Trainee: 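Here it is: the structure, laid out below.
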Amino acid sequence: MATRSSAVPNDLEAFWVPFTPNRAFKAAPRLLARSKDMHYETVDGRRVLDGTAGLWCCNAGHNRDPIVQAIQKQAGTLDYSPGFQFSHPQAFELASRIAALAPKGLDHVFFCNSGSEAVDTALKIALAYHNLRGEGTRTRLIGRERGYHGVGFGGISVGGIVNNRKHFGAMLAGVDHLPSTYNREQQAFCKGEPEWGAHLADDLDRIVALHDASTVAAVIVEPMAGSTGVLAPPKGYLQRLRAICDKHGILLIFDEVITAFGRLGHAFAAERYGVVPDMITFAKGINSGTVPMGGVVVKGSVYDAFMKGPPNAIELFHGYTYSAHPLACAAALATLDLYREEDLFARAKKLEPVFADAVMSLKGLPNVLDIRVVGLAAGIDLASIPDKPGGRAYAAMEKAFHDENMIVRVTGDTIALSPPLIVSEAQIGEMVAAVGRVIRAVA
Ligand SMILES: Cc1ncc(COP(=O)(O)O)c(C=O)c1O
């Protein structure tokens with residue numbers, strides 16, 4: 001056998017980079033080689049501050065020793081156990097730990113490998129739930145404009161981002177969308193949840209009146225819409241959505257792929273808002289981004305609806321080869337320990353006002369149209385360059401990386417910040433100062 005690690009030259013052509021302009025990237029690649037705590041190191045040895053917890057996932061920071069050790073130990077003990085018909089103890093332990101963190105009543109966990117799979121799993125559970133209860137006419141799914149629910153066909157169907165939808169055909173039939181909760185005129189430069197907008201939940205009543213409740217299975221929303229620029233829910237909005245779902249027997253799903261595990265100062269955003277959905281999707285922060293994992297936390301009453309029929313018959317014909325993968329479970333158990341030992345969710349809550357004040361100080365810089373901050377997440381809207389939508393923020397991201405040694409995330413012309421929950425106050429200051437310089441540079 002050859003001892004070389006690669007039989008072909010390591011050029012940049014073969015890899016089709018996701019959600020990235022490949023030609024621009026390959027002309028000036030941003031390549032990371034190592035990471036530790038709040039920093040990455042680039043292939044050319046530059047230390048880069050992580051302003052985005054990877055992709056909203058490395059909540060405990062990078063390469064934390066207890067998580068690394070747990071993954072190494074697990075890889076040397078049980079590398080894989082079949083996901084169907086067999087399992088392993090860590091999967092059960094992890095499900096119990098997640099259920100204990102979730103709102104009361106959400107006490108069963110279905111595992112998968114990503115946020116997208118978690119969303120499709122939740123939508124399928126919703127449809128099957130109604131079917132099993134003799135309400136098979138409930139097939140309609142309702143999402144929201146500006147929602148992001150991953151890239152599966154279910155997720156893009158209920159999602160509300162035009163570029164993620166327009167090239168992919170008819171998608172799922174029978175999907176409606178609530179209006180986005182964002183309105184700049186009413187909400188600009190808001191810290192936390194805006195006062196205006198709870199009434200937008202009432203649109204659900206309109207959709208139900210159009211189609212009849214007997215056709216509606218579930219509503220899915222992100223409690224805080226992260227991917228389209230950090231849109232916190234208006235005060236009272238989620239409560240109103242819950243009440244309307246209850247009135248019509250519709251399941252409410254919170255997509256907490258970004259908000260779970262501390263981003264908003266709680267294990268789940270449902271806790272912050274005092275609203276208990278019927279299902280919660282999670283991924284990312286469950287194991288601080290170390291091994292692909294996602295899942296759905298389900299209410300006991302939903303689970304119980306499936307536990308009928310002969311005891312040796314499969315109740316839900318759904319699952320993934322890598323559901324509850326041993327490495328992902330070991331990483332998650334170590335991560336949950338770390339969150340608890342370092343009290344990182346409370347830390348995020350305590351830092352929220354510091355972070356909010358710091359980011360709001362960017363108000364008044366050239367082209368800054370709005371700033372939103374909630375938990376340890378911020379969205380900064382920049383005015384678009386005429387005829388070049390997204391161009392200004394993209395330039396800001398490039399400048400941040402090359403000139404300021406910092407990673408920011410951009411979506412359209414919005415810069416998003418979502419640092420690991422271990423960020424220090426000094427590092428928040430560093431980040432905001434760098435973003436300020438970058439905003440001036442792209443003016
Ligand atoms: C709310 C939400 N749902 C689903 C997803 C999809 O997750 P993944 O990229 O792991 O499939 C994301 C990713 O950012 C997300 O923010």
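Note that ligands are numbered from 1 as they come in the structure, with each ligand's atoms numbered from 1 the same way. These numbers come from the heavy atoms of this one structure, side chains and all, not from hydrogens, waters or symmetry mates. None of the values given here were measured: they were computed from a predicted structure.
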Trainee: If the plane angle is over 60° it's perpendicular, under 30° parallel, otherwise tilted; pick one for F345 and Y339.
Mentor: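 Ring orientation of F345 relative to Y339: tilted.
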Trainee: Going by the order shown, which atoms of ligand 1 are within less than 4.0 Å of some heavy atom of E222?
Mentor: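 Once the distances to E222 are compared, the set is 1 (C).
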Trainee: Closer than 4.0 Å to some heavy atom of I258 - which atoms of ligand 1 meet that?
Mentor: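 So the atoms of ligand 1 that pass are 16 (O).
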Trainee: Establish, for the pair R372 and Y182, whether the NZ or CZ atom is under 6.0 angstrom from the six-membered ring centre and no further than 45 degrees off its axis.
Mentor: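 Judged by the rule, R372 and Y182 form a cation-pi pair.
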Trainee: With sequence neighbours excluded, tell me which residues meet salt bridge (charged side-chain N to carboxylate O under 4.0 Å, His left out) with D337.
Mentor: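 Partners of D337 by the salt bridge (charged side-chain N to carboxylate O under 4.0 Å, His left out) criterion, ordered by chain and then number, come out as R97, R340.
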Trainee: Looking only at heavy atoms, is any part of H149 under 4.0 Å from ligand 1, and if so is it the side chain, the backbone, or both, or is it neither?
Mentor: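 For H149, only backbone atoms sit under 4.0 Å from ligand 1.
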Trainee: If we count only N and O atoms by modelled type, under 3.5 Å, do the side chains of N287 and T335 hold a donor and an acceptor together?
Mentor: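 No, no side-chain donor-acceptor contact under 3.5 Å.
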Trainee: Tell me, which protein residue and heavy-atom name are nearest atom 10 (O) of ligand 1, and how many Å apart are they?
Mentor: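 Here the nearest protein heavy atom works out to G115 N, 2.8 Å.
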Trainee: Once side-chain hydrogen bond (donor to acceptor under 3.5 Å, both in side chains) is applied, do any residues pair with R144, and if so which ones, sequence neighbours excluded?
Mentor: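 Applying side-chain hydrogen bond (donor to acceptor under 3.5 Å, both in side chains) to R144 gives Y237.
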Trainee: With a 4.0 Å heavy-atom cut-off (strictly under), which part of S227 contacts ligand 1: side chain, backbone, both or neither?
Mentor: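 Side chain only.
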Trainee: Look at atom 3 (N) of ligand 1 and say which protein heavy atom is nearest, naming residue and atom and giving the distance to 0.1 Å.
Mentor: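 Closest protein heavy atom to atom 3 (N) of ligand 1: D255 OD2, 2.7 Å.
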Trainee: Measure the acute angle between the ring planes of H325 and Y322, then classify it against the limits of 30° and 60° as parallel, tilted or perpendicular.
Mentor: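 Aromatic pair H325/Y322 classed tilted.
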Trainee: At less than 4.0 angstrom from any non-hydrogen atom of S114, what atoms of ligand 1 do you find?
Mentor: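 Counting atoms of ligand 1 from 1, those under 4.0 Å from S114 are 10 (O), 11 (O).
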Trainee: Report the part of W56 (side chain from C-beta onward, or backbone N, CA, C, O) that has a heavy atom under 4.0 Å from ligand 1; answer both or neither where that applies.
Mentor: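 For W56, no heavy atom sits under 4.0 Å from ligand 1.
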Trainee: Among protein heavy atoms, which sits nearest to atom 14 (O) of ligand 1, and what does the distance come to when rounded to 0.1 Å?
Mentor: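 Checking every protein heavy atom, the shortest distance to atom 14 (O) of ligand 1 gives K284 NZ, 3.0 Å.
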Trainee: Testing the 3.5 Å rule here: is there a donor-acceptor pair between the side chains of H211 and D176?
Mentor: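 The answer is yes; a qualifying pair exists.
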Trainee: Students should be able to answer this: which protein heavy-atom is nearest to atom 9 (O) of ligand 1, and at what distance?
Mentor: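 Of the protein heavy atoms, S116 OG, 4.4 Å lies nearest.
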